[in-house]
Amino acid sequence: MGMSQDNLRGFILALLSSVFIGASFIIKKKGLRRAAAVSGVRAGYGGYAYLLEPLWWLGMVTMIVGEVANFVAYAFAPAILVTPLGALSIIVSAILVHFMLKEKLHQLGVLGCIMCISGSVIIVIHAPQESPITSVQEIWAMATQPAFLLYLGSVIVLVVLLILYFAPRCGHTNVLVFTGICSLMGSLSVMSVKALGTALKLTFEGKNQLVYLETWFFMFIVATCVIIQMNYLNKALDTFNTAVVSPIYYVMFTSLTIIASVIMFKDWDGQNTGSIISELCGFIAVLCGTILLNSAKDSDRGSSFRGEHAPLSPTLSTGLFSGNRETLKHDEENELLPDDICLRKQEPY
C-alpha cells in the first residue's frame, strides 16, 4: 500500500521527533554528569548546578524541538502511525549511549532494537490513509459521535474510580493504578492534540480555525489531560521500578490511543483484514522490543549496584505523550556516574 503525502510527512516528522528526543536524553545526561563533576552534588540529591550547564540546556532545546515535531506529526498522519513510532527514541538513545557514553549495548538490547525497527516498518507500510479534514467542526462532529462519546464516558468513569477509590487504597502497591490513569488520560490528550494540530495546520493554510470555539475547547482538553497525566506519571515513576512502569505504560497508552483513534477517526474504515492484522503484528513487535530494551537496561542497572556506590533514590520527571519518553527522562538522573566521579560512598556498617 502506497503512502499518501500527508502520511509521509507525518512519518518523517515522527521519525525526526524520535531522533531529537532520543538524542536529547544523552545530551542532557552528559550535561548532568559535567555539572555534577564541577559542583560535587548531583541532580538526584537536590543539586541544581545543571541549570548553569550549557550542554544540559542544549538537551532541553533538542527535546522541545522533538516534542514540537511530534505534535505536528499528528496533524498530518493518523495516531495509529505516529504513536507507536515513539518507541524509536529508545533505539536512538540506546545507540548513542553505546557510542557517546561508552555504555555497552548487550545482545538483548540489540534484539529489542531490531524488533522495534521491524515492527515500525510494518506499521508504516500498512498505515491507513486519512480522509481529508477541512475544518475543526468536522473533528468536533467526530468527537461527538455516539461511539466516541461512549468511549469518553467510559474513560472518565474509570479515571474517577481509579483516582478516588483505587489510588488511596492500592495506588502504591499496584502499578496498574497510576499507569492506568496516565494511559486513559493520554489517549484523550492525543485525540485532542490531533484535533488542535489539524486546526492549526488549516489556520496556517489560510483557513482560520481560531474563530471557532471548538478549537479553544480542544486546547483546554489538551492542557487538562496533560496536567493529570504528568501528575500520575510522576507518582508511578517515583513509586515503582522504571523498567516495570515503562513497558506497562507503553502498551496501555498506545493500545488505548489506537482504540480511541479507530473509534473517533475511523482509521480502519476501508482497510482490508490483512492490513489490520499486519498493523497489530507490527505493534506487538514494537511492544516486545520495548520490553526487551527495558529488561536489558534494568539488568545493567542492577549489576552496577554491586559496586562501591549505594543505589540512588528515584527522582521525579515526566514528558507529554509517549510512554517510553517519560521513562528515559527519569532514567537520565537515575543512572550512576562513572567511577571517577565519586559523589556518594556507602557508609560503613
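The first residue of the sequence shown is numbered 1, and numbering continues consecutively from there.
Counting heavy atoms from C-beta outward, Tyr232 and Ile163 have side chains that approach closer than 4.5 Å. Looking at heavy atoms from C-beta onward, Trp268 lies in side-chain contact with Ile80 at the 4.5 angstrom threshold. Between Leu162 and Leu184 there is a side-chain heavy-atom pair separated by less than 4.5 Å. When side chains are defined from C-beta on, Leu202 does not count as touching Val136, because their heavy atoms never get closer than 4.5 Å. A heavy-atom distance below 4.5 Å is found between the side chains of Met252 and Leu176. Under the 4.5 Å side-chain criterion, counting only non-hydrogen atoms from C-beta, Val251 is not in contact with Ser183. With a 4.5 Å cut-off on side-chain heavy atoms, Leu88 and Ser120 count as touching. Taking 4.5 Å as the limit, some side-chain heavy atom of Leu55 sits within range of a side-chain heavy atom of Ile27.
Linking Ile, Leu, Val, Met, Phe, Trp and Tyr residues whenever their side-chain heavy atoms come within less than 4.5 Å leaves Ile227 and Val190 in two separate clusters. Tracing side-chain contacts under 4.5 Å through hydrophobic residues (I, L, V, M, F, W, Y), one reaches Val68 starting from Phe11; they form part of the same cluster. Leu213 and Ile139 fall into different hydrophobic clusters, where Ile, Leu, Val, Met, Phe, Trp and Tyr residues are linked whenever their side-chain heavy atoms come under 4.5 Å apart, directly or through other members. No path of Ile, Leu, Val, Met, Phe, Trp and Tyr side chains, each step under 4.5 Å between heavy atoms, connects Ile258 with Ile122, placing them in separate hydrophobic clusters. Linking Ile, Leu, Val, Met, Phe, Trp and Tyr residues whenever their side-chain heavy atoms come within less than 4.5 Å leaves Val38 and Trp56 in two separate clusters.
In this structure a side-chain-to-backbone donor-acceptor pair under 3.5 Å is present from Ser189 to Gly186. A donor-acceptor pair is defined here as one N or O able to donate and one able to accept, closer than 3.5 Å; such a pair exists between the side chain of Lys194 and the backbone of Ala77. Checking side-chain atoms of Ser24 against main-chain N and O of Ile21 turns up a donor-acceptor pair under 3.5 Å. Counting only distance, with no hydrogens or angles, the side chain of Ser89 and the backbone of Gly86 share a donor-acceptor pair below 3.5 Å. In terms of modelled atom types and a separation under 3.5 Å, the side chain of Ser18 and the main chain of Leu85 share a donor-acceptor contact. Side-chain N or O atoms of Thr62 include one that pairs as donor or acceptor with a backbone N or O of Leu58 at under 3.5 Å.
Closest heavy-atom contact between Pro128 and Glu279: CD-OE2, 3.7 Å. Nearest heavy atoms, Ile123 versus Phe283: CD1-N, 3.7 Å. Looking at every heavy atom in both residues, Glu53 comes nearest to Gly31 through CG-O, 3.5 Å. Across every non-hydrogen atom of Ala87 and Val286, the tightest pair is CB-CG1, 3.5 Å. Residues Leu188 and Cys225 come closest through the heavy atom pair CB-SG, 3.9 Å. Contact detail for Thr254 and Pro84: the closest heavy-atom pair is CG2-CG, 4.1 Å.
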Between Ile133 and Met142, does a side-chain contact (heavy atoms from CB on, under 4.5 Å) hold up when you go through it step by step? CA-CA 11 Å; Ile133 297 174; Met142 297 176 186; 4.3 Å; yes
Trace of the side-chain contact (heavy atoms from CB on, under 4.5 Å) decision for Trp140 with Tyr212: CA-CA 11 Å; Trp140 180 257; Tyr212 297 113; over 6 Å; no
Set out, in order, the CA-CA distance, both residues' side-chain angles and the distance that settles side-chain contact (heavy atoms from CB on, under 4.5 Å) for Leu200 and Phe71, then state yes or no. CA-CA 11 Å; Leu200 293 177; Phe71 176 87; 4.0 Å; yes
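Heavy-atom neighbours of Gln107 CD from other residues, nucleotides or ligands within 6.0 Å: at or below the threshold of 12.
The CD1 atom of Ile117 lies 4.5 Å from the CD1 atom of Ile91; values are rounded to the nearest 0.5 Å. Atom CG of Leu108 sits about 10.0 Å away from atom SG of Cys113, to the nearest 0.5 Å. One finds the CZ atom of Phe148 at 8.0 Å from the CZ atom of Phe265 (value rounded to the nearest 0.5 Å). Here the CD1-CE distance, from Ile284 to Met115, works out to 10.0 Å after rounding to the nearest 0.5 Å. Atom-to-atom distance recorded for Tyr74:OH and Leu196:CG is 13.5 Å, nearest 0.5 angstrom. Atom CG of Leu280 sits about 11.5 Å away from atom NE2 of His126, to the nearest 0.5 Å.
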Check: residues 149-160 side-chain donor-acceptor pairs under 3.5 Å, at least two apart:
unit_1: Tyr151; atom_1: OH; unit_2: Ser187; atom_2: OG; d: 2.8
unit_1: Tyr151; atom_1: OH; unit_2: Leu256; atom_2: O; d: 3.4
unit_1: Ser154; atom_1: OG; unit_2: Leu150; atom_2: O; d: 2.8

Could you list the donor-acceptor pairs under 3.5 angstrom formed by side chains in residues 214-223, with sequence neighbours left out?
unit_1: Thr215; atom_1: OG1; unit_2: Gln209; atom_2: O; d: 2.6
unit_1: Trp216; atom_1: NE1; unit_2: Leu210; atom_2: O; d: 2.8

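Note on residues 7-18: pairs passing salt bridge (Lys or Arg N to Asp or Glu O under 4.0 Å), not counting sequence neighbours, are Asp6-Arg9.
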